[in-house]
Amino acid sequence: MAKYRFGPRPENDDEASEAMERELFREECERRRDICQPHIRLKALRKSYKLSQEEMAEVLQVSRRTLQDFERGKRAIPSDAVARLYGRFNCDLHALFVGQPYPISREDRASFVKAGLDAVFELMRKFPDMSAEDVRHYATLTAELTDPGEDPELGWLLEMVGRRRAEAEGLL
């Protein structure tokens, strides 16, 4: 019986297909495990905040030796320590584990664009003389403050912009 990459030659196509699927799944699991290296990014996070190992160990409520084991990958980072990282630094946990921020869904991206465009149209209607730079600034602010899938709260925006313009003109 001839040997193939996925083991001995199967008797039929179904067995071959199943063997190939198992092997591809195993390879994907290995690839994901290889990119999941929170110990490296934990150390980078600590250094980005210019914290000593003692200070970071205090944040995580572990000993300095335990933190060193986390940073060397000798010990898994427990969920309570991950929760403390998030609570203290508001870090992207997906980025901590896989090195990239969690991808924003197409629906959420569209929602942010809609919020920004709604703000642009409303600002241009209410304040036709506003500079493009100011419109861009306020539209970006609106998109940042609007939760995905929610309609932007434009009332506060128009009130804030109106107040700032009145202050700049010395009317308030």
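Heavy-atom minimum distance, L154 versus A119: CD2-CA, 3.8 Å. Smallest separation of non-hydrogen atoms from I77 and H39: CD1-N, 4.4 Å. The shortest non-hydrogen separation linking A143 to A115 is CA-CB, 4.2 Å. For R84 against V59, the heavy-atom pair with the smallest separation is CD-O, 3.4 Å. Contact between A139 and G116 at its shortest, heavy atoms only, is CB-O, 3.5 Å. Contact record, T146 with F112: O-CE2, 3.7 Å, taken as the closest heavy-atom pair.
One finds no salt bridge joining E133 and R136 here, because no Lys/Arg side-chain nitrogen approaches an Asp/Glu carboxylate oxygen to under 4.0 Å. Between R46 and E55, no side-chain nitrogen of the basic residue sits less than 4.0 Å from a carboxylate oxygen of the acidic one, so the salt-bridge criterion is not met. In this structure, E122 pairs ionically with R125, as a charged nitrogen and a carboxylate oxygen lie closer than 4.0 Å.
Using a 4.5 Å heavy-atom cutoff, the side chains of L85 and M56 are in contact. Residues W156 and M160 form a side-chain contact, since some pair of their non-hydrogen atoms from C-beta on lies under 4.5 Å apart. Two residues are said to be in side-chain contact when any heavy atoms from C-beta on lie closer than 4.5 Å; Q68 and K74 fail this criterion. Counting heavy atoms from C-beta on, the side chains of V161 and F127 come closer than 4.5 Å. At least one side-chain heavy atom of F70 sits under 4.5 Å from a side-chain heavy atom of P78. The shortest side-chain heavy-atom distance between Y138 and M130 falls under the 4.5 Å cut-off. Looking only at side-chain heavy atoms (C-beta outward), V120 and T142 stay at 4.5 Å or farther from each other. The closest side-chain heavy-atom distance from L51 to F89 is below 4.5 Å.
Residue-environment remark: CE (M124) stays at or below the threshold of 12 foreign heavy atoms within 6.0 Å. By the neighbour-count criterion of 12 heavy atoms within 6.0 Å, atom CZ of R106 is sparsely surrounded, having that number or fewer from other residues, nucleotides or ligands. Other residues, nucleotides and ligands contribute more than 12 heavy atoms inside 6.0 Å of the CD atom of E28. With a 6.0 Å radius and a threshold of 12 heavy atoms from other residues, nucleotides or ligands, E153 has its CD atom at or below the threshold. Atom CD1 of I104 is surrounded by 12 or fewer heavy atoms from other residues, nucleotides or ligands within 6.0 Å.
Rounded to the nearest 0.5 Å, atoms CG (L67) and CZ (R65) are 11.0 Å apart. To the nearest 0.5 Å, the span separating CD on Q53 from OG on S63 amounts to 10.5 Å. Rounding to the nearest 0.5 Å gives a distance of 10.5 Å between CG of L157 and CD of E159. The distance from atom CD of E169 to atom CZ of R164, rounded to the nearest 0.5 Å, is 14.5 Å.
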Can you check side chain to side chain contact (heavy atoms under 4.5 Å, CB included) on K114 and D151, steps first, answer last? CA-CA 8 Å; K114 181 187 178 305; D151 286 330; 3.6 Å; yes
Using the side chain to side chain contact (heavy atoms under 4.5 Å, CB included) rule, take Q37 and I40 through it: C-alpha gap first, then chi angles, then the decisive distance, then the call. CA-CA 6 Å; Q37 298 183 2; I40 293 170; 2.7 Å; yes
Might you work through the side chain to side chain contact (heavy atoms under 4.5 Å, CB included) test for R109 and S105, ending with a clear yes or no? CA-CA 6 Å; R109 286 194 308 265; S105 72; over 6 Å; no
Check step by step if side chain to side chain contact (heavy atoms under 4.5 Å, CB included) holds for L158 and L123. CA-CA 7 Å; L158 298 175; L123 288 166; 4.1 Å; yes
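Of the possible donor and acceptor atoms, none in the side chain of R64 sits under 3.5 Å from a partner among the backbone N and O of A57. The backbone N or O of A95 lies less than 3.5 Å from a partner atom in the side chain of D92, making a donor-acceptor pair.
A search for side chain to side chain donor-acceptor pair (under 3.5 Å) contacts involving E144 returns nothing, not counting sequence neighbours.
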